[in-house]
Structures are given as C-alpha cells and as structure tokens.
Amino acid sequence: MHVQDSHWSSASALTSGGMVSAATGNGRGDTSRTTPLRVDAQRNLEHVLRAAREVFGELGYGAPMEDVARRARVGVGTVYRRFPSKDVLVRRIAEEETSRLTDQARAALGQEDEPWSALSRFLRTSVASGAGRLLPPQVLRVSAGDEGSDGTVFDEARVPQQRTQPGSGELRLVPEGAPKVSAEDDTGAAALLEVVGQLVERARAAGELRADVSVSDVLLVIATAAPSLPDAAQQAAASARLLDILLEGLRSRPA
C-alpha cells in the first residue's frame with residue numbers, strides 16, 4: 001500500500017476539524033461556509049477513528065478498510081465518505097499517534113526532575129497506551145549514518161531500518177503497507193525525535209543511561225514492549241514485564 005502524498009493536505013482539511021463545507025445558494029453566486037457535522041456523523045467519525053486505531057494496532061497498517069468498517073459497525077461507504085482513501089485514514093492515525101507520543105515525552109520531560117525517572121516515565125506511559133503498535137513509519141527511518149557490526153545503519157536522531165536485501169535476517173521496523181512520507185509528516189516526526197532526544201541526552205549525561213543507547217533504541221523499546229494479545233489483562237501484564245526487562249538493559253552499570 002502506497003500513499004499518494006498529494007491527497008494529504010486536502011484530506012487533512014476534510015477530516016481534522018470536524019467541519020464540512022456547503023454552498024449558500026443565496027443568489028450572489030456560490031460561496032462556502034462551514035457547518036458542524038451532524039451529531040450522528042460526528043459519532044460515526046469517532047467510531048471509525050477508534051476502530052482504525054484498534055485494527056491497525058492489531059493487524060498493522062496493511063489491514064483493509066472493510067475491517068475498520070466492521071469494527072466501527074458502519075458500512076464501508078461511511079468510512080470512505082470521511083476518508084477518500086485508505087492512505088488518508090492511515091496518515092490521520094499516524095499523525096495523531098505522533099502528536100500523542102510527543103505530548104507524552106514533553107510531559108515526562110517537564111514533570112520529572114530526575115533524568116532516569118523522566119525517561120522511564122515516558123516509556124511506561126507510551127507502552128501502556130499501546131503506542132508501540134501504531135508507531136508512525138516516518139519515525140522508523142534513518143538517514144545515512146554509522147553502520148553497526150550487524151550491518152544495521154544508525155543515526156543518532158533516527159532509528160534503524162531494515163536493509164532491502166532478501167535474507168538479511170535483520171529486523172523489519174517499517175510496517176507492511178506503511179505510507180510514503182511527505183515533508184508534512186516529517187515535521188511531526190522531527191518534533192517527536194527532538195524531545196525524545198532530550199530525554200536520552202539528560203539520562204546519558206546523568207550517567208544513568210548506557211553510553212551506547214540512542215533515540216533509536218528508545219523507540220525500539222516502545223515498539224517491542226507493546227505486544228498485541230487477545231486478552232487485555234494478559235497484554236498489560238506482558239507489556240509491563242517486558243518493559244521492566246528492557247529498562248534494565250538500558251541502564252548504565254558501575255564499572
């Protein structure tokens with residue numbers, strides 16, 4: 001699945017404000033005005049967005065629109081009336097997830113004086129919210145950087161991305177069916193990476209974070225520690241246990 005970037009700006013205007021345009025037909029030529037969505041239309045939009053987060057979180061961004069409609073208990077035509085293509089819906093969910101993760105990182109940065117407490121709070125909050133299952137693809141890309149011993153390319157501000165050679169055996173972080181990335185997407189991703197970078201730098205400077213841990217690793221922890229299990233209680237317990245183990249791996253140890 002590939003996103004047509006040209007749809008994103010216009011589609012965002014269609015879906016982000018909960019408003020629709022209508023012609024006045026007042027005899028002075030067609031002009032446009034904005035009117036609030038009907039109550040039932042607004043409710044359907046909320047159901048679709050909630051269902052999309054659940055379906056994409058469980059099945060990945062390659063899940064079909066029919067699955068989203070079924071989960072939202074609306075017809076697939078209702079979904080397409082709000083989102084002209086699946087690409088637009090995927091971008092909406094990814095944009096919201098980027099914003100939510102950024103807010104969580106800023107809250108941890110602003111409300112925790114201890115660097116390690118701030119970093120661990122961000123990780124726990126993000127994993128508990130299920131953010132790892134919806135990590136936007138634009139934060140899972142890297143620019144050219146140093147190459148690790150296993151052939152993975154790293155950059156301090158980005159995260160590792162699988163090479164394209166078949167049979168490389170490396171972890172695939174960019175989801176199947178992930179959208180292409182526009183400059184607008186990169187703006188939100190840059191804000192997230194910048195604030196997570198501050199959390200990492202503070203913890204490293206305080207000697208509480210391993211010197212080799214980067215923003216890459218922190219985002220990988222979020223992705224890894226958010227398994228999708230059929231039972232909510234088991235999922236929460238598994239996530240918490242796995243995160244405890246991963247946090248121990250991030251901490252520095254006395255020489």
Side-chain angles (χ1 to χ4, degrees), residues 1-19 37 41-106 125-141 159 161 172-193 195-196 219 222-228 232 235 239:
M1 184 274 291
H2 296 289
V3 169
Q4 300 299 319
D5 290 334
S6 59
H7 293 325
W8 178 233
S9 297
S10 58
S12 295
L14 274 170
T15 61
S16 61
M19 308 292 283
L37 287 172
Q42 180 63 37
R43 182 170 57 249
N44 283 343
L45 173 60
E46 292 169 357
H47 288 169
V48 168
L49 289 172
R50 184 182 307 113
R53 281 189 288 269
E54 293 174 358
V55 169
F56 293 148
E58 294 169 9
L59 304 177
Y61 283 123
M65 291 283 261
E66 288 78 8
D67 284 3
V68 174
R70 193 176 302 113
R71 183 73 60 94
R73 297 188 176 182
V74 299
V76 71
T78 298
V79 179
Y80 277 109
R81 277 195 294 274
R82 294 302 301 154
F83 300 94
S85 72
K86 179 186 168 184
D87 299 338
V88 176
L89 177 57
V90 166
R91 285 179 178 267
R92 172 70 178 265
I93 298 300
E95 182 185 61
E96 290 182 350
E97 200 62 23
T98 300
S99 178
R100 179 164 65 145
L101 283 168
T102 303
D103 288 343
Q104 290 171 349
R106 285 175 176 154
T125 302
S126 299
V127 170
S129 70
R133 293 184 293 277
L134 287 168
L135 270 175
Q138 58 265 34
V139 304
L140 299 178
R141 296 183 301 118
V159 300
Q161 180 181 11
R172 180 174 179 84
L173 292 181
V174 179
E176 182 79 19
K180 291 182 178 179
V181 182
S182 70
E184 292 175 82
D185 297 323
D186 269 341
T187 301
L192 171 62
L193 294 167
V195 69
V196 174
L219 294 177
I222 295 174
T224 303
S228 181
Q235 179 175 294
S239 292

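This chain uses plain numbering: 1 for the first residue, then up along the sequence.
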For the residue pair [X] and [Y], establish whether any side-chain heavy-atom pair is separated by less than 4.5 Å.
X	Y	value
D67	F56	no
E58	R71	yes
F83	L45	yes
S85	V88	yes
N44	V79	no

Point-to-point distance, once rounded to the nearest 0.5 Å, from [atom1] of [X] to [atom2] of [Y]:
X	Y	atom1	atom2	answer
R91	D87	CZ	CG	7.5 Å
Q42	R82	CD	CZ	7.5 Å
T98	D103	OG1	CG	11.0 Å
S129	R53	OG	CZ	11.0 Å
R73	T78	CZ	OG1	15.0 Å
L101	L193	CG	CG	10.5 Å

Ion pair R100/E97, N-O distance below 4.0 Å: yes
Ion pair check, R70 and E66, cut-off under 4.0 Å: no
How close do [X] and [Y] get, heavy atom to heavy atom, and via which atoms?
X	Y	result
Q104	S126	OE1-OG, 3.0 Å
G188	T102	O-OG1, 4.4 Å
L135	L219	CD1-O, 3.6 Å

Test log, rule salt bridge (charged side-chain N to carboxylate O under 4.0 Å, His left out), inputs R50 and E46: CA-CA 6 Å; R50 184 182 307 113; E46 292 169 357; 5.1 Å; no
Full working for side chain to side chain contact (heavy atoms under 4.5 Å, CB included) between L89 and L49: CA-CA 8 Å; L89 177 57; L49 289 172; 4.2 Å; yes
